2 protein chains.
Amino acid sequence: MPPVKPRSSAPLYAQIRQLIVAALAAGEWRPGDALPSEAALAARFGASAGTVRRALDELTAAHIVERRQGSGTFVATHAAPRQQFRFLRLVADDAASGFARQLLGCRRVRASADVAHALTLRTGEPVIEVRRLLHRRERPVVLDELWLPERHFEGLTAEVIEAHPGTLYALFETSFGVHMVRAEEKLRAVAATPQTAALLGVQAGAPLLSVERLAYTYGDRPMELRRGLYHTDADHYRNELN
Amino acid sequence: MPPVKPRSSAPLYAQIRQLIVAALAAGEWRPGDALPSEAALAARFGASAGTVRRALDELTAAHIVERRQGSGTFVATHAAPRQQFRFLRLVADDAASGFARQLLGCRRVRASADVAHALTLRTGEPVIEVRRLLHRRERPVVLDELWLPERHFEGLTAEVIEAHPGTLYALFETSFGVHMVRAEEKLRAVAATPQTAALLGVQAGAPLLSVERLAYTYGDRPMELRRGLYHTDADHYRNELN
DNA sequence: CAGTGGTCTAGACCACCAT
DNA sequence: TGGTGGTCTAGACCACTGC
């Protein structure tokens, strides 16, 4: 990894931030690994400790790395307890409790036009389609359908999913080297179709919260399209606005 | 305003951040005003420029102040073009366009139990209730109902609202000195009642996105409860997850 | 105890804005 | 041209972790 170009227009801390992300994308450090110390990174990039620190500050804010005073700086991982439901904003109206997962299907299909467009693939390229149901208190609350580009997820089968105890994002990390960094969601209210109503245990036509999520890995590359239908009678989608 | 306590346990930059927020809450600087320069604030708080800068960094991230290189640091205001729709995440599926406002009512009522609880009032205390409709392309898309503690909004009437060209949050700032800093929202899908359906031009039972928002002013004091029903056929609620 | 991140300082230089 | 925020440095000291 070369040192930083001195004549570039972008601030040094931004260049260092990008170089660290590039190293993460290249797999130099894996989720959960410790990064070199701030002093070591400063030496590597030929910058002062304060400048490296600023780059790490921003990566910490973006949940790309995680700092632990006294121990070091670590690559963020969806396996960490805090990150478990980082992207699932559905919470119970009363006291929270976890979800039980039920896999409905996992198969290789050809990307439809809209799936391909979202994932920047060509229509008809192979994608893996997963369908699942999440239950809370023995009742179905989320019907999820998601698509992944097959070339990054070769070998993902129902058996692999069933055998994995953690979240899907943790599985993507450990088994496929794909770490999701951020996501964009589009929410709408829709009416349950007869099929979705049956799966979620509601009447056809009942209102459901539709959540379409596009998740990105390092370098803003879209890697997962997800369409969820949330039953929001006893749960709600929680959001904070700044 | 006294200088910072040297022996306190919280970091100096956090104390300075809180002192600045307290000064904002006390009205020392109003939205749109320039704060003293970083050097002047450093002198006032008896800290170095770097420490004051860190406090301002955090206030900038929270959209409480806004920096302009070469000019100074300014108190954030909802009147600024960028902040216009900071809390309204509903965007059109195609090209964006603005909203037209229609006031349905503004009256003084007694707080119901849930409204009072959200605003930390006692049940029956006077609140101002506002109801409006937002239109896009001549079609109603948002039915809004909101409640404000009367003691902070004395004199808020339909005429005042109709006469104000900007957003409600800008009006709250200029006429009542209440600046909203952040908000929490709870989203669900609900079925339109006959009344709401008529106002939004949909069938009774049609799915609507219900958005309950609690907005806070400086010091995390809740100042507005808002319940919106969004018609999401040609619009969606956009969210970014980090 | 050594090594790590967390805080705080002092100062230099640059980029931008207003006048 | 003077004042403002933006970047970058060098170094001191503290708090915490793990051996």
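All heavy atoms count here, side chains included; hydrogens, waters and symmetry mates do not. Here is how names work: the chains are called A, B, and so on, in the same order as the sequence lines, proteins then strands, and each is numbered from 1. This one's a predicted model, so the numbers in the text were calculated from it and none came from an experiment.
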Residue pairs passing the side chain to side chain donor-acceptor pair (under 3.5 Å) test with at least one member in residues 74-85 of chain B, sequence neighbours excluded, are B/Thr77-B/Glu173, B/Gln83-B/Arg86
Of residues 60-75 of chain A, the positions that come close to DNA chain D - non-hydrogen atoms, cut-off under 4.0 Å
A/Gln69, A/Gly70, A/Ser71
Can B/Glu185 and A/Arg89 be counted as an ion pair, charged N to O under 4.0 angstrom?
no
Classify B/Arg54 by what it touches in the nucleic acid, base, sugar-phosphate, or nothing, heavy-atom distance under 4.0 Å.
sugar-phosphate
Sugar-phosphate only, base, or nothing, as touched by B/Ala49 at under 4.0 Å among non-hydrogen atoms:
nothing
Quickly work out the A/Asp33 CG to C/dT4 P distance and round it to whole Å.
16 Å
Qualifying residues under side chain to side chain contact (heavy atoms under 4.5 Å, CB included), relative to B/Phe85, sequence neighbours excluded
B/Leu88, B/Phe99
Residues that B/Asp235 engages under side-chain hydrogen bond (donor to acceptor under 3.5 Å, both in side chains), provided they are two or more places apart
B/Arg136
Residues two or more places apart in sequence or in another chain: which of them pass side chain to side chain contact (heavy atoms under 4.5 Å, CB included) with B/Glu145?
B/Arg131, B/Trp147
A/Glu66: partners by side-chain hydrogen bond (donor to acceptor under 3.5 Å, both in side chains), with sequence neighbours left out
none
Opening and closing nucleotides of DNA chain D in contact with chain B, under 4.0 Å to non-hydrogen atoms
D/dG3 to D/dT7
Per-nucleotide pairing state of DNA chain D [Watson-Crick or G-U, under 3.5 Å; [ ] pseudoknot-crossing; | other strand]:
||||||||||||||||||.
Sequence neighbours left out, what passes side chain to side chain contact (heavy atoms under 4.5 Å, CB included) with A/Arg54? Give chain and number order.
A/Tyr13, A/Glu58
Only counting residues at least two apart or in another chain, list the ones meeting ring-ring contact (aromatic ring centres under 6.0 Å, His included) with A/Phe153.
A/Phe172, A/Phe176
Not counting sequence neighbours, which residues clear side chain to side chain contact (heavy atoms under 4.5 Å, CB included) with B/Glu159? List them please.
B/Thr157
DNA chain D: 5'-proximal contact among A/Ala14 and B/Leu56 (nearest heavy atom)
B/Leu56
With sequence neighbours excluded, residues passing side-chain hydrogen bond (donor to acceptor under 3.5 Å, both in side chains) with A/Asn242:
none
